[in-house]
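Okay, structure first, notes after.
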Amino acid sequence: MKSVNIGICGLGVVGAGTFNLLFTNRDTVNAHANRDLQVSRVGARRDNPACDLGNTVVDRDVLAVADSDVDIVVELIGGTTIAKELVFKAIANGKHIVTANKALIAEYGNEIFAAAQSKGVQVAYEAAVAGGIPIIKALREGLAANQVEWLAGIINGTGNFILTEIRNKGRAFADVLTEAQALGYAEADPTFDVEGIDAAHKLVILASLAFGMPLRFDAVYTEGIAAIDSVDVVYAEELGYRIKHLGLAKRSEQGIELRVHPTLIPESCLIAQVDGVMNAVMVKGDAVGPTLYYGAGAGAGPTASAVVADLIDVARSLDAPSDQRVSHLGFAENALNDLPILDIKAADTAAYFRASVLDKPGVLSSIAQIMSNHGISIEAIIQKEPHADEDHVPLIMLTNQTSEENLLGARRDIEQLDTVNGKLVYIRVESLHD
Ligand code: HSE
C-alpha cells in the first residue's frame with residue numbers, strides 16, 4: 001500500500017480531533033483510501049493536550065508545512081489571514097488541500113479553485129459546511145442529476161443551540177452563547193454565529209454547488225438572531241410554527257435568492273424539530289423532490305469525520321488525471337454560470353408581524369385596510385387581552401405569501417399609525433413545502 005504524507009496545520013478542537021481520528025480509525029481509513037495515510041507533520045503554534053503527537057515533526061511556523069514533503073496540507077487554522085497565505089503557498093508548491101474553513105472558501109474560493117486548477121491539485125472542503133453532514137458530497141455527486149430548485153438549512157449550530165435553549169428553558173441569550181463557546185461550537189468571534197455571517201459563508205458554498213455558479217459571498221442578505229424576543233417564540237408556537245435561523249437559496253426565472261435570517265417554519269416540518277447544536281439541510285431537486293440531511297454541525301468528532309473523509313477522497317485520487325476528479329464546485333469549470341443574485345426586495349415570503357396597538361375600536365380595521373392596500377391577505381391573527389394597567393396590547397398577524405416590497409410597505413404604514421406603539425416585529429415565514 002502506498003503511503004500518503006499529510007501535514008495538519010492548526011491544532012485546535014478540529015485539528016486535534018482530526019489527528020486523533022486518523023490514529024484511532026487508521027485501519028478503516030486506510031482500507032477506504034487504499035493508501036497508508038500518515039500524519040508526517042503538524043504545524044501549530046502550541047501543543048494541544050487533547051492529542052498526543054508522539055514523534056510527529058512539529059513546525060511552530062505553520063507556513064513551513066507548505067514547503068515540506070507532505071502530499072496534502074490540511075488547513076484547520078480558520079480565518080482568512082494566515083490560513084489564506086498557507087493555502088495559496090501550498091497550492092503553488094503543488095500540495096493538495098483539505099480545509100474546514102468556510103470563510104476562506106466563501107470569500108476566496110473562486111481564486112483558490114482557479115489556482116488549484118492551474119496546478120492540477122485538489123481542494124476539498126466537506127467540513128466547511130454543516131460539520132459531519134456530507135452535504136457537499138450529496139450536492140456535488142449524489143444529486144448531480146437534478147436541477148436544484150431550492151435549499152434551506154439550519155447551518156449554524158451555535159445559533160440553533162441558542163434558539164433551542166431560549167425556547168425550551170427560557171434561558172438568557174448571553175448565558176447560552178457563553179456555554180456554546182465553552183463547548184467549542186462558537187466561532188473565535190461569536191458575532192459571526194449570532195449575526196449570521198457564519199451561516200452566510202456556508203450558504204454561499206451550498207448555493208454554488210446547487211446552482212453551478214461562482215461563489216458570491218458579497219451578495220448574501222444576512223440578518224442575525226440577536227433581536228429575537230422570547231415572546232415571539234411563544235406566539236409563533238401558538239400559530240403552529242418554530243423560529244429557526246435559516247439559510248435559504250432559491251432559483252427563480254429572474255435569478256437566485258440568497259438569504260440568511262430568522263424564519264418561522266411550520267412545526268410539522270421535519271427540519272423544525274432540529275434542536276440544539278444539530279444542523280440540517282433540505283434540498284429540493286426537480287427529479288428527487290425534497291431531501292433532508294441531518295447531523296452534528298460542529299465539534300471535534302463530527303468535523304474531523306468530514307475532514308478525514310476528504311483526506312480519503314483526495315488520497316485515493318492522487319494519481320488520477322484531473323479531468324477524472326470531481327470538480328471543485330461539482331460542475332466543470334467552463335460550465336459555471338454567473339447567475340444574477342436577486343435583491344432581498346424581490347424575495348417572495350409570508351410574514352409574521354407583532355405590533356403593540358392601542359386597545360380601542362377601529363384599530364384592527366385600520367391595520368387590515370393597510371394590509372389590503374398593499375395586496376396582503378391576513379392568514380391568522382392573535383390579539384391578547386390587555387393587562388389591567390395597560391392601554392396597549394400585542395397584536396400578532398401572519399400574512400399570505402407576497403413580495404418583500406409589499407410587506408415592508410405595510411410595515412412602514414402601520415408603524416405610522418398613532419394607535420401603534422413603536423416598531424413592528426417582522427419575521428419572514430417559509431412553508432418549505434414546494
Ligand atoms: N460556529 C459554527 C457553528 C461551527 O456554530 O455552527 C461550525 O462551523
Side-chain angles (χ1 to χ4, degrees), residues 10 12-18 21 74-80 83 98-107 109 124-137 151-166 171 173-207 209 215 217 220 222-226 228 244-248 260-263 271 274-281 293-310:
V13 172
V14 180
T18 299
L21 184 60
V74 184
E75 184 280 303
L76 301 173
I77 300 164
T80 53
V98 171
T99 179
N101 192 330
K102 54 256 162 159
L104 187 67
I105 297 298
E107 295 180 34
Y125 53 92
E126 181 65 69
V129 181
I133 307 174
I135 185 63
I136 290 177
K137 206 170 188 64
L151 63 86
I154 295 171
I155 44 182
N156 181 266
T158 302
N160 201 43
F161 182 58
I162 292 172
L163 289 176
T164 305
E165 292 290 297
I166 290 174
R171 289 178 64 191
F173 192 99
D175 174 35
V176 190
L177 178 58
T178 306
E179 187 182 342
Q181 286 176 284
L183 292 168
Y185 301 147
E187 295 301 296
D189 176 353
T191 58
F192 273 43
D193 296 297
V194 170
E195 289 173 7
I197 300 160
D198 178 75
H201 283 141
K202 295 166 180 168
L203 181 69
V204 162
I205 297 171
L206 294 180
L209 291 157
L215 296 143
F217 179 65
V220 195
T222 307
E223 253 179 54
I225 54 167
I228 294 295
K244 292 290 179 188
H245 199 201
L246 280 197
L248 286 132
V260 172
H261 50 70
T263 314
I271 200 169
V274 174
D275 281 339
V277 75
M278 302 307 275
N279 280 195
V281 182
Y293 310 84
Y294 168 84
T303 314
S305 160
V307 170
V308 174
D310 272 351

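Atoms within a ligand are numbered from 1 in the order they appear, just like the ligands themselves. The figures here come from the full heavy-atom set of this structure, side chains too, leaving out hydrogens, waters and symmetry mates.
The contact shell of ligand 1, taken as protein residues with any non-hydrogen atom closer than 4.0 angstrom, comprises Lys102, Asn156, Gly157, Thr158, Tyr185, Ala186, Glu187, Asp193, Asp198, Lys202, Gly297, Ala298.
Checked options Leu151, Asn279, Ile133; the residue passing with Tyr293 is Ile133 (criterion: side chain to side chain contact (heavy atoms under 4.5 Å, CB included)). Each of Thr263, Ile225, Asp275 was evaluated against Lys244; a single residue qualifies, Asp275, per the side chain to side chain contact (heavy atoms under 4.5 Å, CB included) test.
In this pair, His201 and Phe192 present their aromatic rings tilted. The plane angle is within the 30 to 60° band.
Counting all heavy atoms, side chain and backbone alike, Val277 lies closest to Ala298 at CG2-CB, 4.4 Å.
Put simply, the side chain of Ser305 never gets that close to the backbone of Gly301: no donor and acceptor are under 3.5 Å apart.
Remark: Asp175 pairs with Arg171 by the salt bridge (charged side-chain N to carboxylate O under 4.0 Å, His left out) rule, at least two apart or across chains.
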